[in-house]
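Take a look at the structure set out below.
Since the structure is predicted, the reported quantities are computational estimates derived from the model, not experimental observations. Positions are given from 1, in the same order as the sequence printed here.
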Amino acid sequence: MAALPVAPPPAAADDEIVYESMPCIRIYKNRVERYFGSEFVAASTDAATGVASRDVVISPNVSARLYLPRLEDGAAKLPVLVYYHGGGFCLGSAFNPTFHAYFNSFAALANVLVVSVEYRLAPEHPVPAAYADSWEALAWVVSHLAGPANDGKDPWVAGHADFSRLYLGGESAGSNIAHHMAMRVAAEGLPHGAQIRGLVMIHPYFLGTDKVPSDDLDPVARESLGSLWRVMCPATTGEDDPLINPFVDGAPPLASLACGRVLVCIGEGDVLRDRGRAYYDRLRASGWQGEAAIWQAPDKGHTFHLLEPCCDEAVAQDKVISDFLNR
């Protein structure tokens, strides 16, 4: 079970509130108060699963937590999942107990090497800072293709990454980031001939001025998501900015998405459900030459798998993702 937000204090009278989503975050004009998602748990070897984790510093702005499942063969090569956490670009951490517990379980199930990326958060570091940091993390991962394995490289990535099975993924804002990383790969390529095999898009955070049916599942939450985006990316043109709406004129064409496989996971009760479904539908109709799949969790809301990791639907979703990464 994910940790619950702490009880937030009353709003301060000495500063203007720019945005709040209670009980998680309150953004004042001159400071930010986070009540959820910033808790830290140390890397370790998980007693229940045998999954080992360790932290790496990639640059002054970027770090990551790696997860390596228990190996019967010490020389085994595994699929690699470079994962970007969600949280509306302003909450969450790769070192948070919720994500730590999730990847201890998931790495054991899927038998994959996970690189969970810690990027800078808005509004202190407005979008597109998260994209820049996420690209830096991806470049660090593929740098292990160059030179000898012991040449200052991480031993887990150098020793166990199967770069023919390199995946990007994330939930919510993390899915948005994963999409933009794949689009940047399409535009610029990756060093050392690296290629992205696939994307895992869990409850993607996309918006648009066009109306979709799932907007009406929770109109207040839908309005809040639009307000959040404008605070996270002050330079935005709005909900039809290509950074938050991948279907508008000016967005990179979906047909160029730089991977061969995509899995989209949505929740039937998620206000963003039909944005995720549209991503799947538009991708298939775009002329993109890859293989796309979609899976819907009945009755469940946004990022339910982190809030209820042991529920039947979360277990089923994890199995779908695991199968996707190992096929």
#### Entry: Under 3.5 Å: donor-acceptor pair, side chain of D154, backbone of V157
yes
Self-check item: R230 and D241 ion-paired at < 4.0 Å
Solution: no
Less than 4.0 Å between a side-chain N and a carboxylate O, is that true for D274 and K211?
no
* May I ask you to decide whether D218 forms a salt bridge with R222, counting only side-chain N to carboxylate O separations under 4.0 Å? => no
Q) Got a donor-acceptor contact below 3.5 angstrom from the S134 side chain to the A130 backbone? A) yes
Notebook entry, point to check: Using the ring of each side chain (for Trp, its six-membered ring), is Y205 parallel, tilted or perpendicular to W229, with breaks at 30° and 60°?
Noted result: perpendicular
Taken to the nearest 0.5 Å, the spacing of S227 OG from E239 CD works out to 8.5 Å
**Asked** Got a donor-acceptor contact below 3.5 angstrom from the S116 side chain to the R65 backbone?
**Response** no
Does G238 offer a backbone N or O that forms a donor-acceptor pair with the side chain of T236 under 3.5 Å? yes
| Does NZ or CZ of R197 come closer than 6.0 Å to the centre of the six-membered ring of Y167, within 45° of the ring's axis? | no
Closest heavy-atom pair, F163 versus V142, reported as atoms and distance to 0.1 Å, is CE2-CA, 4.0 Å
| said: Let's go through Y131 and N176 carefully: what are the C-alpha distance in whole Å and the side-chain angles of both, what is the deciding distance for side chain to side chain donor-acceptor pair (under 3.5 Å) to 0.1 Å, and is it a yes or a no? | reply: CA-CA 9 Å; Y131 301 137; N176 176 301; 2.7 Å; yes
Report task. Could you walk me through whether H203 and F304 pass ring-ring contact (aromatic ring centres under 6.0 Å, His included), step by step? Result -> CA-CA 10 Å; H203 311 168; F304 73 91; 5.7 Å; yes
Distance col, row I196:CD1 vs R184:CZ, nearest 0.5 angstrom, shows 12.5 Å
For Y84 and V82, the nearest pair of non-hydrogen atoms, with its separation, is OH-CG1, 3.6 Å
In this structure, CG of L66 is separated from NE2 of H160 (nearest 0.5 Å) by 11.5 Å
Scanning both residues in full, the closest heavy-atom pair of H100 with S53 reads CE1-OG, 3.3 Å
message: I'd like to know if the side chain of H180 reaches the main chain of I177, judged simply by a donor and an acceptor atom lying under 3.5 Å from each other, with no hydrogens or angles considered.
response: no
| said: Between S21 and L228, is the side chain to side chain contact (heavy atoms under 4.5 Å, CB included) condition met? List the steps. | reply: CA-CA 9 Å; S21 180; L228 173 68; over 6 Å; no
Value for CG (D133) from CZ (R120), rounded to nearest 0.5 Å, stands at 4.0 Å
**Asked** What orientation do F106 and F103 show, parallel under 30°, tilted 30 to 60°, or perpendicular over 60°?
**Response** perpendicular
So, does H302 use its side chain to make a donor-acceptor pair with the main chain of S172 at under 3.5 Å? no
| Above 12 or not: heavy atoms from other molecules or residues under 6.0 Å from NZ of K319? | no
Q. Hey, is the main chain of A52 close enough, under 3.5 Å, to the side chain of D46 for a donor-acceptor pair?
A. no
- Message: Can you confirm whether the side chains of D240 and T209 place a donor and an acceptor under 3.5 Å from each other?
- Response: yes
Look at E20 together with R34 and state whether they make a salt bridge at an N to O cut-off of under 4.0 Å. no
Check: Does D15 reach the main-chain N or O of N30 with its side chain, forming a donor-acceptor pair under 3.5 Å?
Finding: yes
| query | Does a donor on one side chain and an acceptor on the other come within less than 3.5 Å for S59 and E136? | reply | yes
CD (E188) and CE (M183) are apart, to the nearest 0.5 Å, by 13.5 Å
Closest non-hydrogen atoms of P97 and E39, given as atom of the first, atom of the second and distance, are CD-O, 3.3 Å
Note: with side-chain heavy atoms under 4.5 Å as the link, the other cluster members for F95 come out as F40
_Just by distance, no angles: are the side chains of N61 and Y119 close enough, under 3.5 Å, to form a donor-acceptor pair?_
no
Begin with the C-alpha distance, continue with both residues' side-chain angles, and end with the deciding distance and a verdict on side chain to side chain donor-acceptor pair (under 3.5 Å) for S224 and Y19. CA-CA 9 Å; S224 180; Y19 174 86; 2.7 Å; yes
ask   = Crowded around E268 CD? As in, over 12 foreign heavy atoms under 6.0 Å?
value = yes
Expected output: side-chain D215 to main-chain V212 donor-acceptor under 3.5 Å: yes
ask   = Does a donor on one side chain sit under 3.5 Å from an acceptor on the other, for Y67 and R54?
value = no
Salt bridge present between D270 and K300 (N-O < 4.0 angstrom): no
OG1 of T98 to NE2 of H85, rounded to nearest 0.5 Å, is 11.5 Å
Checklist entry - Do the side chain of E16 and the main chain of K29 share a donor and acceptor less than 3.5 angstrom apart? => result no
_Stepwise side chain to side chain donor-acceptor pair (under 3.5 Å) test for H305 and Y102_ = CA-CA 9 Å; H305 60 292; Y102 178 75; 4.8 Å; no
Evaluate R277 against Q296 for side chain to side chain donor-acceptor pair (under 3.5 Å), listing each step before the verdict. CA-CA 9 Å; R277 185 176 294 280; Q296 177 172 286; 2.9 Å; yes
May I ask you to establish whether R261 and F324 are in a cation-pi arrangement, using a distance under 6.0 Å from NZ or CZ to the six-membered ring centre and at most 45° from the ring axis?
-> yes
Original post:
Hey, are E291 and R284 close enough for a salt bridge, meaning a charged N less than 4.0 Å from a carboxylate O?
Top reply: no
